[in-house]
Amino acid sequence: MNATNLKKRLALEYQVYKEFYRKYIFSVLILGLMTAAVFFLASFYFKDFIVQQTNSIAEQMINGSMEEPTSLQKLFSIFFNNLLVGAIIILIGFIPVYGLPFLLGLFSFASVGILAGYGIIMKHNVLHTLAIAFVPHAVIEIIPILYSIAIGMYINRNMVKKVLFRKKKSEKAGKMATQGFTSFTMIIIPLFLLAALVEAFITARLVEIFL
């Protein structure tokens with residue numbers, strides 16, 4: 001791809017972002033933060049269950065891991081896991097039930113709220129832990145996740161129009177798939193790779209030093 005074609009694709013991508021993606025990115029971010037706060041408070045009412053489940057998961061992870069993965073192994077594991085999550089969010093948009101990608105995004109925020117509540121319950125310094133073990137890569141990682149939700153909702157809205165309301169003005173499936181693939185390759189893959197690099201090499205090192 002030469003520079004001219006790349007510039008055109010970026011211009012088209014920005015146009016779609018302005019017309020559609022942007023409103024869903026900010027909507028899910030605002031509602032997601034509210035959801036995280038609600039689940040953070042709710043975690044104190046279910047603290048026994050949360051502690052039991054978390055300890056069980058931790059034991060399974062310890063028993064199942066034979067050796068500590070290298071930074072490069074962590075990089076590929078994090079990167080491909082994140083790509084899978086992003087792809088699932090986008091693909092689920094093809095199911096003509098309105099709002100499914102949006103709900104998946106809210107579940108992600110809910111899990112963050114529960115983990116923060118668990119940290120308080122276990123008397124950890126949550127702010128310190130989040131600042132060291134979460135924030136460095138999360139500030140990058142959240143962008144492609146929100147972008148994946150926006151792509152999923154772009155597809156989802158058109159699928160609902162097409163299947164349930166039989167609207168001829170809805171985008172064709174091929175065009176939606178092409179636009180989603182373009183956004184995925186140009187925006188989501190590079191940002192997930194950057195986030196994985198930060199988490200595998202920088203965050204991991206910060207955890208070793210400060211936690």
Nearest heavy-atom approach of Ala133 to Val207 is CB-CG2, 3.8 Å
Residues 106-117, side-chain donor-acceptor partners within the protein, below 3.5 Å, at least two apart:
residue : atom : partner : partner atom : Å
Ser108  : OG   : Leu104  : O            : 3.3
Ser111  : OG   : Ser108  : O            : 2.5

Is there side-chain contact between Leu10 and Leu6, with at least one heavy-atom pair below 4.5 Å? yes
Validation row: Lys74, Glu199 side chains within 4.5 angstrom (heavy atoms): no
For the pair Phe44 and Phe40, name the ring-plane relationship: parallel under 30°, tilted 30 to 60°, perpendicular over 60°. perpendicular
How long is the gap from CG on Leu100 to CE on Met159, to the nearest 0.5 Å? 11.5 Å
d(Lys162 NZ, Met176 CE) to nearest 0.5 Å is 5.5 Å
Which atoms form the tightest heavy-atom contact between Leu72 and Phe201, and what is the distance? N-CZ, 4.4 Å
Does anything in residues 181-191 form a side chain to side chain donor-acceptor pair (under 3.5 Å)? List the pairs, not counting sequence neighbours. Glu13-Ser183, Tyr21-Ser183, Gln179-Ser183
Of all residues at least two apart in sequence or in a different chain, which pass the side chain to side chain contact (heavy atoms under 4.5 Å, CB included) check with Val160? Tyr98, Asn156, Leu164, Phe165
Could you tell me the separation between the CD1 atom of Ile132 and the CG atom of Asn125, rounded to the nearest 0.5 Å? 10.0 Å
What distance separates Ile25 CD1 from Ile149 CD1, expressed to the nearest 0.5 Å? 9.0 Å
Considering non-hydrogen atoms only, spot the tightest contact between Ile121 and Ser43 and give its length. CD1-O, 3.7 Å
Taking the side chain as C-beta and beyond, is there a heavy-atom pair between Ile140 and Val198 under 4.5 Å? yes
Apply side chain to side chain donor-acceptor pair (under 3.5 Å) to Lys175 and list each qualifying residue two or more places apart in sequence or on a separate chain. Glu171
Test side-chain contact (heavy atoms from CB on, under 4.5 Å) applied to Ile89 and Val85, step by step: CA-CA 6 Å; Ile89 291 173; Val85 170; 4.0 Å; yes
Does the side chain of Ser27 reach to within under 4.5 Å of the side chain of Phe102, using non-hydrogen atoms? yes
Closer than 3.5 angstrom, by distance alone: can the side chain of Ser77 be matched with the main-chain N or O of Gln73 as a donor-acceptor pair? no
Partners meeting salt bridge (charged side-chain N to carboxylate O under 4.0 Å, His left out) with Arg22 (sequence neighbours left out): none
Is Phe181 linked to Ile90 within one hydrophobic cluster, defined over Ile, Leu, Val, Met, Phe, Trp and Tyr using a side-chain heavy-atom separation of less than 4.5 Å? no
Please name all residues satisfying side chain to side chain donor-acceptor pair (under 3.5 Å) with Tyr14, sequence neighbours left out, ordered by chain then number. none
Show the numbers, then the answer: is there a side-chain contact (heavy atoms from CB on, under 4.5 Å) between Phe79 and Ile189? CA-CA 9 Å; Phe79 177 57; Ile189 290 178; 4.0 Å; yes
Does Ile142 reach the side chain of Leu29, with side-chain heavy atoms less than 4.5 Å apart? yes
So do the side chains of Ile95 and Ile92 get within less than 4.5 Å of each other, counting heavy atoms only? yes
For His137 and Ala195 the tightest heavy-atom approach is CB-O, 3.7 Å
Minimum heavy-atom separation for Asn82 to Phe192, with atom names? O-CE1, 3.3 Å
Let me confirm one number: the CD1-CG distance from Ile188 to Leu193, rounded to the nearest 0.5 Å. 13.5 Å
Pro190 and Ile187 have their tightest heavy-atom pair at CD-O, 3.4 Å
Between Pro136 and Leu206, is any pair of side-chain heavy atoms under 4.5 Å apart? yes
The reported gap from OH in Tyr17 to OH in Tyr147 (rounded to nearest 0.5 angstrom) is 7.5 Å
